[in-house]
> 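Here it is: the structure, laid out below.
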Amino acid sequence: MARTVSVLTVTYGDREKYVSKLVSAIQKMENVQDIIIVWNGNYPKRKQQFDSNNIHNIYFSSNMGSARAFSEGLKFFATQQASEYVWMLDDDNLPDSSALSVLLKDYEGSKNNLIFSSFRKDRVELKARGYQRYQSNSFFEFSISQKLGWKNSNIKSVSNKMNLIQCETVPYGGLLLPRTVLKEIGYPNKELYLYSDDNEFTYRMTKLGMHMLTDTHSLITDMEQSWYRKNPVPMFKTVFTTTKLFNACYTIRNRVFFEKHNIVTNKFLYLVNIMTYLIYVFFFYMPKNKAGIKRMRMIIRLIKEGWTGRLGQISNERIQGWN
């Protein structure tokens with residue numbers, strides 16, 4: 001019996017051109033039973049393309065963030081649809097024609113604790129490394145103990161196939177999630193609003209003893225690069241030059257919240273890692289002027305808010321105040 005799949009995507013702003021290409025690609029795939037589109041504060045100009053019996057449109061009057069949008073989309077899937085799987089995709093993801101069939105084949109005969117996801121072609125560092133995992137007490141992957149050669153104990157791979165990369169978290173875009181697993185892990189944390197909500201959501205599977213495998217044969221092209229990938233410089237260096245402070249604010253705050261609740265086992269060591277890295281940022285990334293100091297204070301404030309769990313949407317006035 002053919003396995004059935006619902007596709008879920010979230011879009012916002014003026015990105016209908018991406019959604020249009022995504023929907024066109026998805027509609028050509030077998031096993032896709034329906035498509036769920038969450039319009040996050042926007043509305044399609046060419047609505048007729050999205051008026052179909054197998055396309056379900058959910059509209060928000062304003063941008064409620066990726067966490068809530070994906071949460072509502074997943075709830076619609078869980079309560080209104082009967083498909084076995086939900087394939088989560090970003091609105092600018094363009095999957096190859098065989099991407100879904102590759103993942104469905106992965107699930108055939110696999111253990112119940114294995115979860116499969118597509119490989120996004122611009123994640124070259126993931127393919128080069130061959131795995132993704134967190135270093136305990138690291139701050140944005142910086143760890144003094146790791147620099148000194150003290151690493152986490154090795155974890156034996158659950159697969160010997162070269163095309164499967166074991167990951168502790170994966171992005172929404174590309175994740176093929178069984179209905180039964182969604183029932184176990186629940187929905188994304190709406191309070192994260194934007195960024196790291198996918199990390200927190202998928203890391204729940206790791207904590208429950210499941211293993212996520214990214215299949216490099218199931219390919220996705222990102223039609224638009226993520227903000228932090230457009231310039232090949234360290235993220236914290238970008239914070240001092242970017243005009244998209246909106247993205248940076250949520251990235252810093254939410255990442256700290258995620259790290260505290262998932263990979264911190266020694267608060268003192270984590271604090272040392274933060275302070276050491278910020279000293280480096282001060283000397284090598286921060287412009288030595290009023291604007292640089294202002295953004296450095298912003299970084300420290302956001303770290304504190306992530307640590308204390310002050311989440312939710314950040315007002316535009318606050319973000320503009322740091323410009």
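Not measured: the values here are computed from a predicted model.
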> Starting at CZ of R295, measure out to CZ of F240 and round the result to the nearest 0.5 Å.
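It comes to 8.5 Å.
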> Are F77 and F70 close enough that their ring centers fall under 6.0 Å?
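Not close enough - the centres of the two rings lie 6.0 Å or further apart.
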> Find the distance between CG (D96) and CE (M29) and round it off to the nearest 0.5 Å.
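Going from CG on D96 over to CE on M29, the span is 8.0 Å.
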> I need the single residue from D197, D90, N93 that forms a side chain to side chain donor-acceptor pair (under 3.5 Å) with Y172. Which is it?
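Considering D197, D90, N93, a side chain to side chain donor-acceptor pair (under 3.5 Å) with Y172 is found only for D197.
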> Is it the case that over 12 heavy atoms from other parts of the model lie below 6.0 angstrom from the CG atom of D14?
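For D14, atom CG is not crowded (no more than 12 foreign heavy atoms under 6.0 Å).
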> Any donor and acceptor pair, going by atom type alone, linking the side chain of N42 with main-chain N or O of N40 inside 3.5 Å?
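Here the side-chain-to-backbone pair exists.
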> Please give me the minimum heavy-atom distance between I185 and R204, naming the atom from each residue.
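In this case the closest contact between I185 and R204 is O-NH1, 2.7 Å.
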> Could you check whether K105 makes a cation-pi contact with F116, meaning its NZ or CZ is under 6.0 Å from the centre of the six-membered ring and within 45° of the ring axis?
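The answer is no; the distance or angle limit is not met.
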> Counting only heavy atoms not in R179, do more than 12 sit closer than 6.0 Å to its CZ atom?
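Atom CZ in R179 is crowded, with more than 12 foreign heavy atoms closer than 6.0 Å.
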> Considering non-hydrogen atoms only, spot the tightest contact between I36 and G73 and give its length.
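Here I36 and G73 meet closest at CD1-O, 4.1 Å.
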> Is atom NZ of K288 surrounded by more than 12 heavy atoms (other residues, nucleotides or ligands) closer than 6.0 Å?
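Above 12, so yes.
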> Regarding E259 and R255, does a basic nitrogen lie under 4.0 Å from an acidic carboxylate oxygen?
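Yes.
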> Before giving the answer on ring pair (Phe, Tyr, Trp, His ring centres under 6.0 Å), spell out for F140 and Y277 the whole-Å C-alpha distance, their side-chain angles and the decisive distance to 0.1 Å.
CA-CA 9 Å; F140 277 84; Y277 192 71; 7.8 Å; no
> Where is the tightest heavy-atom contact between I37 and V19, given as atom of each residue plus distance?
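Residues I37 and V19, closest heavy atoms: CD1-CG1, 4.2 Å.
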> Using the ring of each side chain (for Trp, its six-membered ring), is F246 parallel, tilted or perpendicular to Y193, with breaks at 30° and 60°?
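Aromatic pair F246/Y193 classed perpendicular.
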> Salt bridge (charged side-chain N to carboxylate O under 4.0 Å, His left out): which pairs involve residues 302-323, sequence neighbours left out?
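Salt bridge (charged side-chain N to carboxylate O under 4.0 Å, His left out) check on residues 302-323 returns E305-R310, E305-R318.
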> Give me the atom names and distance for the closest heavy-atom approach of T216 to F119.
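Looking at all heavy atoms of both residues, the closest pair is CA-CB, 3.7 Å.
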> More than 12 non-hydrogen atoms from neighbouring residues, nucleotides or ligands closer than 6.0 Å to NZ on K267, yes or no?
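Check fails, neighbour count at 12 or below.
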> Applying ring pair (Phe, Tyr, Trp, His ring centres under 6.0 Å) to Y12 and W39, what does each step give before you reach the verdict?
CA-CA 6 Å; Y12 64 96; W39 300 87; over 10 Å; no
> Regarding E72 and K190, does a basic nitrogen lie under 4.0 Å from an acidic carboxylate oxygen?
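K190 and E72: salt-bridged.
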> Taking the six-membered ring for Trp and the single ring otherwise, decide whether the centroids of F142 and Y280 are under 6.0 Å apart.
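Centroid distance F142-Y280: not below 6.0 Å, so no.
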> Quick one: list whatever passes salt bridge (Lys or Arg N to Asp or Glu O under 4.0 Å) with D222, sequence neighbours left out.
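R120, R123.
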> Would K75 pass as a cation-pi partner of Y187, given that its NZ or CZ must be under 6.0 Å from the six-membered ring centre and within 45 degrees of the axis?
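Yes, cation above the ring, under 6.0 Å and within 45°.
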> For atom CG of N289, decide whether the heavy atoms of other residues, nucleotides or ligands shown that lie under 6.0 angstrom number more than 12.
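It does: N289 CG has more than 12 such atoms within range.
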> If you measure from CG on D34 to OG on S83, what distance do you get to the nearest 0.5 Å?
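So the gap between those two atoms works out to 4.5 Å.
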> Under the ring pair (Phe, Tyr, Trp, His ring centres under 6.0 Å) rule, what do Y270 and W307 come out as? Steps first, then yes or no, please.
CA-CA 11 Å; Y270 183 64; W307 182 259; 5.7 Å; yes
> Using a strict cut-off of less than 4.0 Å between a Lys/Arg side-chain nitrogen and an Asp/Glu carboxylate oxygen, indicate whether K127 and D122 qualify as a salt bridge.
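No salt bridge links K127 with D122.
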> Tell me whether K260 at atom NZ has more than 12 heavy atoms from other residues, nucleotides or ligands lying less than 6.0 Å away.
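Correct, the count exceeds 12.
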> Which heavy atom of R3 sits nearest a heavy atom of N31, and at what distance?
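Answer, listing the atom of R3 first, then N31: O-ND2, 2.7 Å.
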> Is it true that atom CD of E30 has more than 12 heavy atoms of other residues, nucleotides or ligands lying nearer than 6.0 Å?
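Not more than 12 within 6.0 Å, no.
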> Do R253 and Y195 meet the cation-pi criteria used here (NZ or CZ under 6.0 Å from the six-membered ring centre, within 45° of the axis)?
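Because its charged atom misses either the 6.0 Å distance or the 45° angle limit, R253 does not stack over Y195.
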> Atom CG in L175, atom CE in M88: separation rounded to 0.5 Å?
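Between L175 CG and M88 CE, I get 6.0 Å after rounding to 0.5 Å.
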> Indicate if L245 and M286 have the same hydrophobic cluster label, given that clusters are the connected sets of ILVMFWY residues with side-chain heavy-atom separations under 4.5 angstrom.
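Yes; M286 is reachable from L245 via cluster members.
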